[in-house]
Amino acid sequence: MRIRVLGFASVQDVFGEEEVTLELEEGATTAALEKALIAQYPMLADTWPRLAIAVDGALVPGDQQTLLSDGCEVALLPPVSGG
Amino acid sequence: MSHVELVETPLDPTSLEASIAGPDCGAVLVFVGRVRNHHAGRSVERLTYSAYRPLALQAMQRIVDDLESAAEGPLRATIVHRLGDVEAGAASVIIAVASAHRAAAYDASREALERLKREVPIWKREHYADGEAVWREEERLVAPDDAGAS
């Protein structure tokens, strides 16, 4: 499955761009996404526990059990600082 | 009319006040957040704001909807946040609230800002006078039904 991953703030700095694409097995969850991303971007390992994750525009629970689908958009959201 | 917006141009508190005011409301409160030229003892030249726009707009709208539905009398709330580079001294966010009486306006104005800072995917990058720039990471977003969150 092709997964689009949007990075924001410090995550975008790690990616070096706004969006990266990942290939994952059918049935992959956000846990598999974490493993694949950290393998490719080891600097994410320290940040990951602080990230919130959105799939197709909606925040998902932190239990890492969310199923991903082909073409879905995942957003990695560091702690926010608006206002 | 209540509304929420993300813009890339300078903010105008006067027009936002006018857009939310009405003869049914005796209190109109406008909060203007401006970029401060210092943080933790360092001189700040500007901030750069970015957002995950679809979720940010949705979260801002939910704040406004919640405030309106919780109010006993008329209440209108508007939140406009600026994105991109904002120089020290310039406005980065405006929250305008109109209500029949002042108590509800004071409460809603405060709650809107506190919730914005906790729930909306917007980030600021501080640019210091010495050239360094740092993303501020302050409030971890929590999914509404996330039992495992702290």
Side-chain angles (χ1 to χ4, degrees), chain A residues 3-22 29-35 37-38 41 43-69 71-83, chain B residues 4 6 31-36 39 47-60 62-63 79-83 86 91-95 110 112-126 133-150:
Chain A
I3 313 294
R4 296 169 48 229
V5 183
L6 309 184
F8 292 91
S10 59
V11 176
Q12 191 173 116
D13 290 350
V14 169
F15 286 170
E17 51 200 328
E18 290 179 0
E19 180 177 328
V20 300
T21 308
L22 222 58
T29 63
T30 40
L33 179 78
E34 176 187 357
K35 197 166 163 200
L37 280 174
I38 288 176
Y41 305 96
M43 282 178 63
L44 278 185
D46 287 339
T47 308
W48 197 275
R50 293 196 306 276
L51 297 180
I53 298 176
V55 177
D56 289 332
L59 285 176
V60 296
D63 60 6
Q64 302 287 57
Q65 301 292 310
T66 304
L67 266 178
L68 302 174
S69 57
C72 75
E73 172 181 292
V74 175
L76 301 183
L77 313 173
V80 301
S81 55
Chain B
V4 299
L6 298 170
F31 172 87
V32 179
R34 290 183 178 273
V35 173
R36 206 170 60 247
H39 175 83
L47 300 182
T48 305
Y49 283 98
S50 71
Y52 181 29
R53 286 174 191 251
L55 192 59
L57 286 168
Q58 198 188 106
M60 289 159 74
R62 191 174 60 239
I63 293 169
I79 305 175
V80 183
H81 202 300
R82 187 170 167 192
L83 300 179
V86 187
S92 53
V93 63
I94 296 181
I95 297 173
R110 175 165 229 141
L113 182 61
E114 299 304 322
R115 287 190 62 179
L116 175 91
K117 285 177 164 291
R118 289 195 310 266
E119 299 175 22
V120 180
I122 293 176
W123 299 268
K124 64 171 72 122
R125 183 174 206 173
E126 282 181 338
V134 172
W135 285 106
R136 298 218 46 79
E137 300 190 348
E138 290 170 354
E139 298 286 340
R140 185 163 180 259
L141 287 178
V142 176
D145 55 356
D146 195 344
S150 58

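Every chain is numbered from 1, with letters handed out A, B, ... down the list of sequences.
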Any idea which of B/V35, B/L55, B/V93 has the most non-hydrogen atom pairs under 4.5 angstrom with chain A? B/L55
For [X], is it the side chain, the backbone, both or neither that has a heavy atom under 4.5 Å from a heavy atom of chain A?
{"X": "B/Y49", "result": "side chain"}
{"X": "B/L116", "result": "side chain"}
{"X": "B/A59", "result": "neither"}

Given a strict heavy-atom distance threshold of 4.5 Å, which part of A/L51 is in contact with chain B: side chain, backbone, both, or neither? backbone
Measure distances from A/A54 to the heavy atoms of chain B and classify the residue's part below 4.5 Å as side chain, backbone, both or neither. side chain
Carboxylate-amine/guanidinium proximity below 4.0 Å for B/E137 and A/R50: yes
Between B/E126 and B/R136, does any NZ, NE, NH1 or NH2 come within less than 4.0 Å of an OD or OE carboxylate oxygen? yes
With side chain to side chain contact (heavy atoms under 4.5 Å, CB included) as the test, would you mind laying out the steps for A/D13 and B/W135 before giving the verdict? CA-CA 10 Å; A/D13 290 350; B/W135 285 106; 3.2 Å; yes
By side-chain contact (heavy atoms from CB on, under 4.5 Å), B/R115 pairs with (sequence neighbours left out) B/R62, B/I63, B/D66, B/E111, B/R118, B/E119
Please examine the side chains of B/I122 and B/Y52, heavy atoms only from C-beta on, and report whether any two atoms are closer than 4.5 Å. no
